[in-house]
Amino acid sequence: MQRSIASFFGAPTPMDVAPASSTSPLAAAADASPSRGLRNAPAPPSPGLPHDSTPAAKAGPSAGPASPSPRKRKADTDLAPDTDADADADVGAPGRHPSKKRKVLSDSESDDEADNGQDALAKGGSEGSIKDAVALVTTTADITMLAAKAEIKTEIKTEIKTEIKTEIKAAPSSAASASPSTSQATNVAFTREQLTVFSADRPAPEGDDEPVATNMAEAYKGATYDPIADAGWKAGEPVPYLALAATFEKIEATTKRIEIIAHLCRLLRSVIALTPDDLLEVVYLCTNQVAPSFAGIELGIGDTVIMKAICEATGRTLKWLKAEYAETGDLGEIAEDSRGMQQTMFKPKPLTVRKVFKTLKGIALEKGQSSMNRKKDRIKSLLVAGEGSEARYLVRSCQGKLRIGLAEASVLAALAHAAFFTRPAIGDDGQVLDAYTQIKPKLKLPQLQAELDEAVRIVKEVYCELPWMKVILESLRTTGLRTLHDHCYLRPGIPIRPMLAFPTKGISEVFERFGGSAFTCEYKYDGERAQVHLKSDGSIAIYSRSSEDNTSKYPDLIAMLPSALQDPKATTSYVIDCEAVAYDRVTQSILPFQVLSTRKRKDVDVADIQVQVCLYAFDLLYLNGRPLLKESFATRRSLLYSTFKATEGHFMFAHAKDSSDVEEIQTFLEEAVKGNCEGLMVKTLDENATYEPSKRSHKWLKVKKDYLDGMGDTLDLVVIGAYTGKGKRTGVYGGFILACYDPDSERFQSICKIGTGFSDADLAAAHSSLAAHIIPAPRSYYAYPDHLTPDVWFEPAQVWEVLAADLSISPAHKAAAGLVDPEKGISLRFPRFVRLREDKTPENATSSHQVADLYRAQDINHGYEAPAAAGDDGDDFFDDELL
DNA sequence: GCTGTCTGCCC
DNA sequence: ATTCTGC
DNA sequence: GCAGAATGGGCAGACAGC
């Protein structure tokens with residue numbers, strides 16, 4: 001057993017490499033990584049990993065012009081000057097605890113029924129590609145692991161005693177900076193004698209004379225955590241879910257990121273040292289996943305189902321629950337507090353991480369008739385077995401949001417730290433070596449920090465390029481942290497996290513940020529991100545912005561793409577970054593996003609396609625076995641241009657202009673908006689111009705028309721209702737329903753809900769100032785859709801200025817109903833609060849006619865008849881204010 | 001088989 | 001998507 | 001500046017319920 005544990009992270013980790021050396025071994029290794037940089041040869045094959053030359057995956061699938069004026073449009077009738085002070089009151093801050101949502105996914109690894117390491121993705125995975133990739137991965141490493149697993153299971157069968165859990169609970173662990181003695185005392189569920197056989201030989205903490213630093217290194221320094229003795233469970237035993245819940249509690253109790261990461265790091269170290277086979281499940285429960293995103297496995301449960309399950313598990317009524325939810329804003333807390341409502345005959349077996357994970361995955365895989373009932377029952381089974389805070393986190397996991405201040409980035413950081421600190425190299429004497437303890441005497445604080453930073457950089461980089469936790473953990477196990485990137489890197493068949501852009505307020509900010517660097521501007525098309533992979537087996541896959549597999553959504557693109565190559569024979573693999581945009585082949589014009597969104601999404605048949613799509617390519621990330629992420633954008637783009645060819649209406653390059661002239665760019669922006677684009681993307685060409693996946697850095701900039709002063713649609717709308725806030729907005733309203741005024745019917749017509757743009761002070765002010773206007777029931781002259789009925793109604797009192805990116809024909813809202821569409825009303829895209837208009841009365845709010853005019857002004861090509869003559873709409877509605 | 005509700009995923 | 005906030 | 005957590009409209013798809 002010990003030998004098998006020792007095989008985790010078996011390859012050298014930093015501690016093996018002269019820790020005292022002044023140059024970071026991690027950094028050195030990374031620099032030497034063969035897969036980096038521009039090379040003709042692909043990185044060396046890695047054991048057990050799919051490689052480009054051995055296709056990771058198999059074929060997935062079978063396969064109006066016009067335009068709005070770029071001019072600013074303001075519905076504002078502005079009689080009063082903008083003298084009103086910022087409408088924020090300074091009431092106390094609102095919310096406190098967080099809460100929310102649903103979902104969770106998992107990886108291929110953890111199995112479903114038996115815990116035998118069988119590959120579950122085969123059944124859950126919708127794609128052959130995943131299955132095949134898994135098959136490739138499931139080689140040596142897996143066999144080793146399976147063997148280890150079996151060994152552990154036979155050797156250690158001891159059940160975890162509930163008293164242990166009680167103890168853990170009773171002794172919350174200390175903070176990261178706690179003194180050694182304190183931290184040793186915490187979380188210890190065994191006596192020292194019991195631990196002896198497992199315990200590391202910890203040297204007494206030395207007097208520390210290291211320089212003070214406010215960083216991770218300092219958080220770890222001075223706190224000796226024995227991943228074995230302090231864990232709370234024994235080697236080989238399943239990780240108790242309570243251990244995870246206890247960690248979540250500590251994390252939830254702080255807002256300090258360093259502490260958050262340190263808490264999780266400790267848990268992960270223990271898992272690595274004691275039960276490495278549970279590591280994937282632990283990580284997944286921390287990131288609310290049940291499978292990698294491209295596997296398409298979702299929980300498929302929301303608050304509705306979860307509330308039913310809670311009711312049945314606790315005996316509460318749905319009515320009570322809803323009321324309580326409105327008040328506390330946290331279903332998890334409610335479930336926790338309601339535990340014990342129902343007497344159970346037998347004390348349920350303590351939950352384990354693998355049990356919880358398996359149940360969640362089972363929920364995700366459940367489908368067909370009465371599947372909702374079966375999902376509900378599975379939730380119930382967890383809740384019934386959950387003790388203490390477990391119920392809280394079980395519910396939140398089901399909701400898909402832990403809301404404890406821990407999300408993906410911090411989990412990756414904690415994982416990197418854990419891999420750095422704890423390498424379960426167990427010697428013949430059964431002692432686990434602890435990297436930190438070992439290197440501590442030799443590493444100065446700044447050096448340690450540098451090592452930690454480098455570890456995090458590597459893990460994050462790798463995860464962005466290959467967002468597949470199972471494979472990364474396997475690689476960590478077999479090759480270690482130092483060489484992780486040699487084995488886990490971008491390869492066709494697995495989606496890379498797409499690079500994102502930072503919103504800027506205008507061209508001037510672009511110049512501020514990019515200074516003297518050469519940059520280019522591209523049209524920002526209003527479509528859907530599409531990452532196209534040509535795998536070396538010749539098959540093509542398409543992934544969405546969130547790494548979902550959209551291959552079966554675009555059989556037309558799959559069929560078209562080979563002809564987009566200059567030289568199909570010479571191009572064996574690629575990854576391109578594109579925007580798929582709805583396109584009218586007749587008028588040769590781009591169609592709005594709303595049209596694109598009506599396309600079928602699954603198993604589309606080419607013959608049935610109603611909405612044509614043009615692919616606008618803007619980046620090349622991989623070509624013929626060569627990752628290009630580290631190349632400059634200038635290089636990548638040039639390769640893109642030389643590898644592909646444009647075909648009108650099918651495959652185009654994003655329209656670009658390399659310029660540093662303000663006026664030229666301004667003109668370009670206006671043209672982009674006229675051409676039905678959202679604005680511009682701005683990217684440096686040479687400096688700082690590598691491809692940086694994910695949020696890690698927003699090195700691209702986006703300039704959208706609605707960010708620009710006076711360019712967006714501004715409306716003044718009446719607050720007619722509000723919704724109770726959840727999570728950190730508990731105690732105030734979380735969202736509001738807004739209306740425009742229709743002078744013809746003298747009614748207030750709902751136009752949108754709104755929930756962003758508020759500072760905490762705004763929310764507090766709104767909550768208190770609207771109190772005086774609460775009414776028990778909606779006014780008869782309110783028009784709104786039933787399903788948006790707010791929790792609280794207001795008489796027409798406050799007018800808010802709201803900014804929106806666009807107006808849309810709405811299936812729900814009532815604004816301007818009958819004016820543009822005979823029945824449907826109009827709503828707003830991306831509405832956000834700007835300020836309170838104290839100078840306006842509700843009747844002075846934006847009128848339904850103005851709303852209709854705003855819609856028409858943008859929409860000549862949307863299929864909804866253009867307004868009469870061009871001349872009369874522009875100015876007319878500014879006079880409407882006179883009513 | 002039709003309709004309504006819920007969910008996830010696009011933005 | 002947009003926005004705000006603690007670190 | 002990062003990371004996280006609040007919140008938006010609106011669509012297809014999956015199920016429940018009739």
Side-chain angles (χ1 to χ4, degrees), chain A residues 93-95 97-103 214 254-261 293 296 298-305 329 367-373 375 400-413 500 502-503 526-529 544-548 550 553 579-580 592-604 678 694-698 704 706-707 723 725-730 732-738 751-763 787-788 802-813 826-834:
Chain A
H97 28 333
S99 138
K100 238 213 109 107
K101 222 135 172 183
R102 47 61 204 23
K103 151 193 214 165
T214 311
T254 180
T255 55
K256 294 186 172 63
R257 193 142 309 282
I258 287 171
E259 283 181 22
I260 288 171
I261 292 169
S293 51
E298 309 304 329
L299 281 190
I301 53 174
D303 282 352
T304 311
V305 183
K367 61 178 188 175
Q369 200 171 27
S370 350
S371 57
M372 292 317 284
N373 262 325
K375 289 183 186 213
K401 285 191 176 178
L402 287 174
R403 328 179 353 243
I404 57 177
L406 176 82
E408 187 180 278
S410 299
V411 174
L412 292 175
L500 305 176
F502 186 85
D526 191 6
E528 174 176 303
R529 195 81 174 256
S544 75
R545 171 183 148 128
S546 57
S547 300
E548 301 287 323
N550 273 351
K553 178 177 178 176
E579 189 83 2
F593 175 78
Q594 226 178 337
V595 173
L596 179 69
S597 69
T598 64
R599 263 183 77 118
K600 298 280 178 261
R601 292 173 193 168
K602 291 183 171 178
D603 306 316
V604 173
E678 296 184 288
S694 195
K695 300 187 179 124
R696 275 197 306 150
S697 71
H698 288 160
K704 289 174 68 168
D706 51 305
Y707 304 154
Y723 308 86
K726 310 280 186 268
K728 67 183 181 184
R729 293 200 180 162
T730 298
V732 294
Y733 300 123
F736 305 84
I737 184 167
L738 303 180
I751 187 169
C752 68
K753 294 201 295 174
I754 192 164
T756 192
F758 309 99
S759 66
D760 289 353
D762 290 334
L763 288 171
H787 69 282
L788 296 183
V802 166
L803 186 61
D806 278 309
L807 290 86
S808 59
I809 296 293
S810 172
H813 286 286
I826 286 172
S827 189
L828 306 181
R829 190 184 190 193
F830 310 145
R832 54 262 202 198
F833 173 83
V834 176

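Throughout, a chain's letter reflects where its sequence line sits, starting with A, and its residues are numbered from 1. Any value given below was found using the heavy atoms of this structure, including those in side chains, with hydrogens, waters and symmetry copies removed.
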| note | For nucleotides 1-7 of chain C, 5' to 3', base contacts (B), sugar-phosphate-only contacts (S) and non-contacts (-) with protein non-hydrogen atoms under 4.0 Å give SBBSSSS
| remark: Scoring nucleotides 12-18 of chain D by protein non-hydrogen atoms under 4.0 Å (B base, S sugar-phosphate only, - none) yields BSSSS--
| Within the structure shown, what part of the strands sits under 4.0 Å from A:Asp603 by heavy-atom distance: base, sugar-phosphate, or nothing? | nothing
| query | At under 4.0 Å between heavy atoms, what does A:Leu596 touch on the DNA or RNA strands: base, sugar-phosphate, or nothing? | reply | nothing
Specify the separation, in whole Å, of atom [atom1] of [X] and atom [atom2] of [N].
| X | N | atom1 | atom2 | answer |
| --- | --- | --- | --- | --- |
| A:Ile404 | D:dA5 | CD1 | C1' | 13 Å |
| A:Asp806 | D:dG10 | CG | P | 11 Å |
| A:Ile261 | D:dA3 | CD1 | P | 9 Å |
| A:Asp526 | D:dG9 | CG | C1' | 13 Å |
| A:Arg529 | B:dC11 | CZ | P | 9 Å |
| A:Asp303 | B:dT5 | CG | P | 17 Å |
| A:Ile301 | B:dT5 | CD1 | C1' | 16 Å |
| A:His787 | B:dT7 | NE2 | C1' | 14 Å |

| said: Test of understanding: with side-chain hydrogen bond (donor to acceptor under 3.5 Å, both in side chains), list the residues that count as partners of A:Ser371, not counting sequence neighbours. | reply: none
| query | Which residues pass the side-chain hydrogen bond (donor to acceptor under 3.5 Å, both in side chains) test with A:Glu528, sequence neighbours left out? | reply | A:Asn550, A:Lys553, A:Tyr554
| query | Considering heavy-atom distances to DNA chain D, does A:Gly734 or A:Phe502 have its closest nucleotide positioned more toward the 5' end? | reply | A:Phe502
Suppose we screen for side chain to side chain contact (heavy atoms under 4.5 Å, CB included). Which residues come up paired with [X], at least two apart in sequence or across chains?
| X | answer |
| --- | --- |
| A:Ser808 | A:Gln594, A:Ser827 |
| A:Thr598 | A:Val611 |
| A:Pro503 | A:Lys702, A:Tyr707 |
| A:Glu678 | A:Lys524, A:Asp526, A:Lys704, A:Arg829 |

Choose from [options] the nucleotide whose nearest atom is closest to any side-chain atom of [X].
| X | options | answer |
| --- | --- | --- |
| A:Ala407 | D:dA5, D:dG9, D:dC11 | D:dA5 |
| A:Glu548 | B:dC10, D:dG4, D:dG9 | B:dC10 |
| A:Gln594 | B:dC10, D:dC11, D:dG8 | D:dC11 |

| With respect to the phosphate group of D:dG9, does any side-chain polar atom (N or O) of A:His813 fall under 4.0 Å of OP1 or OP2? | yes
| said: Check this one for me: any side-chain N or O of A:Thr304 less than 4.0 Å away from OP1 or OP2 of B:dT7? | reply: yes
| said: Ignoring hydrogens, what is the shortest heavy-atom contact between A:Ile826 and A:Leu807? Give both atom names and the distance. | reply: CG2-CD2, 3.8 Å
| field | Whether A:Phe833 and A:Phe758 hold their rings parallel, tilted or perpendicular, with breakpoints at 30° and 60° | value | parallel
| Criterion salt bridge (Lys or Arg N to Asp or Glu O under 4.0 Å) on A:Asp706 and A:Arg832, from CA distance to verdict | CA-CA 11 Å; A:Asp706 51 305; A:Arg832 54 262 202 198; 2.6 Å; yes
| Listed partners of A:Arg257 passing salt bridge (Lys or Arg N to Asp or Glu O under 4.0 Å), at least two apart | none
